[in-house]
Amino acid sequence: MLEIENLWVSTGEKEILKGVGLSIGDGETHVLLGPNACGKTTLALAILGYPAYKVTSGSIVFDGQDLSGKTVSERAKLGIGLAYQNPPEVRGVKLRDIIRLIAGGEPWDPLVEPEERLATPFLERVGLNAGSFLTRDINLGFSGGEKKRSELAQVFAMRAKLMLLDEPDSGVDIDSVKLIGTEIGKAAKELGSSVLVITHHRHILQYLKPDVAHVMYAGRIISSGEPRGLISKIEQEGYERYAREILGGK
Amino acid sequence: MDMKKLRALEELRDYYEEYDKKFPEWLKKSRQLARNIHQEYEDKGFPAGRFGMDFDLLSYRPHLAPKHPPRQSLLELDENMRQLAESCGQSIEEIGRTGSKLQEDADSTYLGFTEEASKTLLAKFPEGLIIKDIEEAVQEYPWIEKFWSHILPINLDKYTAYNAGYSRGGVFVWVKRGVKVELPVQACFFVETQMYAQLPRILVIAEPYSKVHLISGCITQPACDMGLHGCITEMYLGEGSEVTYSMIHNFRPGFHVRPKIGAIVDDNATYIENFIIIGPCLSDQAYPTVVLRGKDARAVIRCIILGMETSDIDVGSSIIFSGDGTRGELISRAIATGESKITMRGTLKGYADKVRGHLECRGMLLNPMARAWAYPQIRSTSPEADLTHEAAIGKIAEEQLYYLMSKGLTEDEATAMITRGFLDVETPGFPPLLRREIDKIIAMSLKKVL
């Protein structure tokens, strides 16, 4: 599904990813761990093709297609969906209109009164009250947890083949983590999607049952392996010590 | 003054000597005074107005238009005129309206109540709402003198004097005490003659505890490239009344537009204004003045401006808080495309205790050749006044653009969605049906420009 080889990405003068390699098979769920500012979000945005994140070397192949030269919209249309960690507010753009559009309704036409039925199930699935959220401006005044849920609803509506979930569980209460985790698992199964979830917490993983975990440190993936073992090790040692141990000789 | 101007003035004088014969003495005098002031301003070489692009008023003449025969109903308008009228918030079938007025050049060609209004509102209050051609109203109601050029003095600027001296047509709306007119009254002003100066006058009197909504749509025929449209609109809001005034402009690239608007708002009354520019122009300048005179009076003003082609638009409002506890809010949103220039102004003047006002100007530039300015002003002489403003001009936020693109929208779709959202401001007190109509009008115009 996704093959990333020796990926180098920089923003402006600053090099952020320094040779990332990652391979996610069809229907697999991977988890990406790593300390703050190590490049996890950058990796997600680079996969999506944000022009500000310049690929200086390496390749991203999705579903057999080299993504270089493809715009953000083209990549989204191929089936890459990102649930943002901090989505921007867009005044005046209703959640209903976005979901309806990405769920494959008619092309957006400001003259057409939007069909609400199309968007409702996606919101209900993630526990957002359709009655009040359909007509809300996107992300405007949403709480942290509400933003995460709305992002997930959008990724589900896109029927994304590759779901990139950037900390879907941060700032979310424990009951909601269960709901979110279960729904991600269900959606991935239904759609046969591959999932890359970025997280700091073990809790959500018990519902997602990831196949592989990766640890990112200073712009590189320093180790990959069986999730449970890897996570316990990091929880005991912390990223610094773990990284020193792995990179020790280098 | 050059010979050309002198000859133009002479021609006007001859024409209006005859035209003014039907008016009462007080009005004849007032018009003559305005003409003298206009001539003096021309002599001194004053610009057309305090703000906006200057131009030669006398190139546009208010007397040179053919006579337009009256129409039996708005349905008589041809397909092209219907579409234009509808683009300015006019319902040709008069659905959801109380009454309609149509003015073509100088002539009032249709004026009447809808069947629905006759069966409901007028059955209950036969004389509750008066809508008349203003030139008939001044003959019928001598007391109008007290309300004439009272908010907008005739010497305000050259343009105001020109209109006050040479106006033709317009509409008079009078709502009686306690009568609430829920469905809007629509007035459509069509310019159909090349180089014509359409100068109507509008007077709205809302007696205490009444309610009315006037939608004025100002448009021109496609065959008519150049011209001037302007009006003098004065509105008086009695205690506890509510008046909504929605103006929609859809002109052509060769048009100068100069509406002069003033409102006086008494105790607990609410004035709501929606000023929407959706078509191109040569220049459009407006600076409505709202005087919140009564205690706890309120003003809500929205300006939605779509600058296109080479339009030079200079609009804003001034709210004067002279009554205790008055509140006012002015929100302007402008999108500048093509080579348009947009100036957003706004002034809040606080002279009383416990007043609260907020002013917001936001502009979005969609083309490197487009320009925008914002001039928010606050003046306060009362320590108890709470007046605030914010202003911002910029291009589309990239963060928002890529966000929407990452959901699968193309760049064009994302741009359209963001700009549409940007113009989507809350319009309190707006009937939902009308809100949808206005939304459609804005969306349709955006679609054309983007």
Side-chain angles (χ1 to χ4, degrees), chain A residues 44-45 47-53 70-84 86-95 97-105 107-114 135-140 147 150-151 153-160 164 166, chain B residues 83 86-87 278 302 304 306 331-335 360 362-364 390 392 394-427 432-433 435-450:
Chain A
L45 296 177
I47 295 172
L48 257 180
Y50 264 60
Y53 295 86
K70 291 207 169 14
T71 65
V72 175
S73 348
E74 284 163 349
R75 294 178 196 213
K77 281 190 181 130
L78 284 176
I80 303 177
L82 168 63
Y84 286 72
N86 289 312
E89 297 171 348
V90 192
R91 229 168 248 279
V93 173
K94 309 272 179 263
L95 189 53
D97 295 341
I98 272 286
I99 293 187
R100 171 180 154 270
L101 190 67
I102 60 190
W108 182 65
D109 185 336
L111 301 184
V112 175
E113 193 66 17
T135 51
R136 290 270 295 270
D137 287 0
I138 201 157
N139 302 325
L140 198 75
K147 283 182 187 166
S150 124
E151 285 297 304
Q154 293 171 55
V155 169
F156 296 164
M158 283 172 86
R159 311 181 69 79
L164 304 171
D166 195 353
Chain B
Q83 274 182 14
E86 274 169 359
S87 79
I278 52 158
R302 299 284 183 265
I304 297 171
L306 207 55
I331 293 182
S332 299
R333 290 268 198 283
I335 288 193
E360 191 183 308
R362 283 178 193 276
M364 200 187 264
E390 50 184 305
K395 57 176 187 173
I396 283 196
E398 265 186 13
E399 190 196 22
Q400 296 181 351
L401 195 66
Y402 287 117
Y403 176 64
L404 294 186
M405 283 168 71
S406 77
K407 307 288 177 189
L409 276 71
T410 63
E411 188 170 350
D412 288 347
E413 283 172 329
T415 305
M417 216 169 192
I418 294 167
T419 45
R420 177 69 200 90
F422 175 77
L423 293 182
D424 184 32
V425 287
E426 297 259 322
T427 38
L433 184 72
R435 170 75 218 202
R436 271 204 292 282
E437 280 177 45
I438 303 266
D439 279 350
K440 269 193 181 177
I441 289 167
I442 296 169
M444 220 143 48
S445 321
L446 257 177
K447 228 177 162 179
K448 265 186 241 159
V449 214
L450 293 174

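In this text the structure is predicted, and so the values were computed from the model without any measurement. All chains are named by letter (A, B, ...) in the order of the sequence lines, taking the proteins before the strands, and each is independently numbered beginning at 1.
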Under-4.0 Å salt bridge between B:Asp424 and A:Lys94: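 A:Lys94 and B:Asp424: salt-bridged.
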Atom CZ of A:Arg91 with >12 non-hydrogen neighbours under 6.0 angstrom: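 Open: at most 12 neighbouring heavy atoms sit under 6.0 Å from CZ of A:Arg91.
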Structural part of [X] lying under 4.5 Å from a heavy atom of chain A:
{"X": "B:Leu404", "result": "side chain"}
{"X": "B:Glu411", "result": "backbone"}
{"X": "B:Phe422", "result": "backbone"}

Minimum heavy-atom distance between [X] and [Y], given as atom pair plus value:
{"X": "A:Val72", "Y": "B:Met405", "value": "CG1-C, 3.7 Å"}
{"X": "B:Thr410", "Y": "A:Ser73", "value": "CA-OG, 3.8 Å"}
{"X": "B:Met417", "Y": "A:Ile98", "value": "CE-N, 4.1 Å"}
{"X": "A:Met158", "Y": "B:Ser406", "value": "CE-O, 3.6 Å"}

Measure [X] against the heavy atoms of chain B and call it side chain, backbone, both or neither at under 4.5 Å.
{"X": "A:Glu89", "value": "backbone"}
{"X": "A:Leu82", "value": "backbone"}
{"X": "A:Leu78", "value": "neither"}

Distance, nearest 0.5 Å, that separates CD1 of A:Ile138 from NZ of B:Lys407: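 If we round to the nearest 0.5 Å, A:Ile138:CD1 and B:Lys407:NZ are 6.5 Å apart.
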Separation between CD of B:Glu413 and CG of A:Leu101, rounded to the nearest 0.5 Å: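 Separation between the atoms: 6.0 Å.
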Partners passing ring pair (Phe, Tyr, Trp, His ring centres under 6.0 Å) against A:Tyr50 (at least two apart in sequence or in another chain):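 If we apply the ring pair (Phe, Tyr, Trp, His ring centres under 6.0 Å) test to A:Tyr50, skipping adjacent residues, the hits are B:Tyr402.
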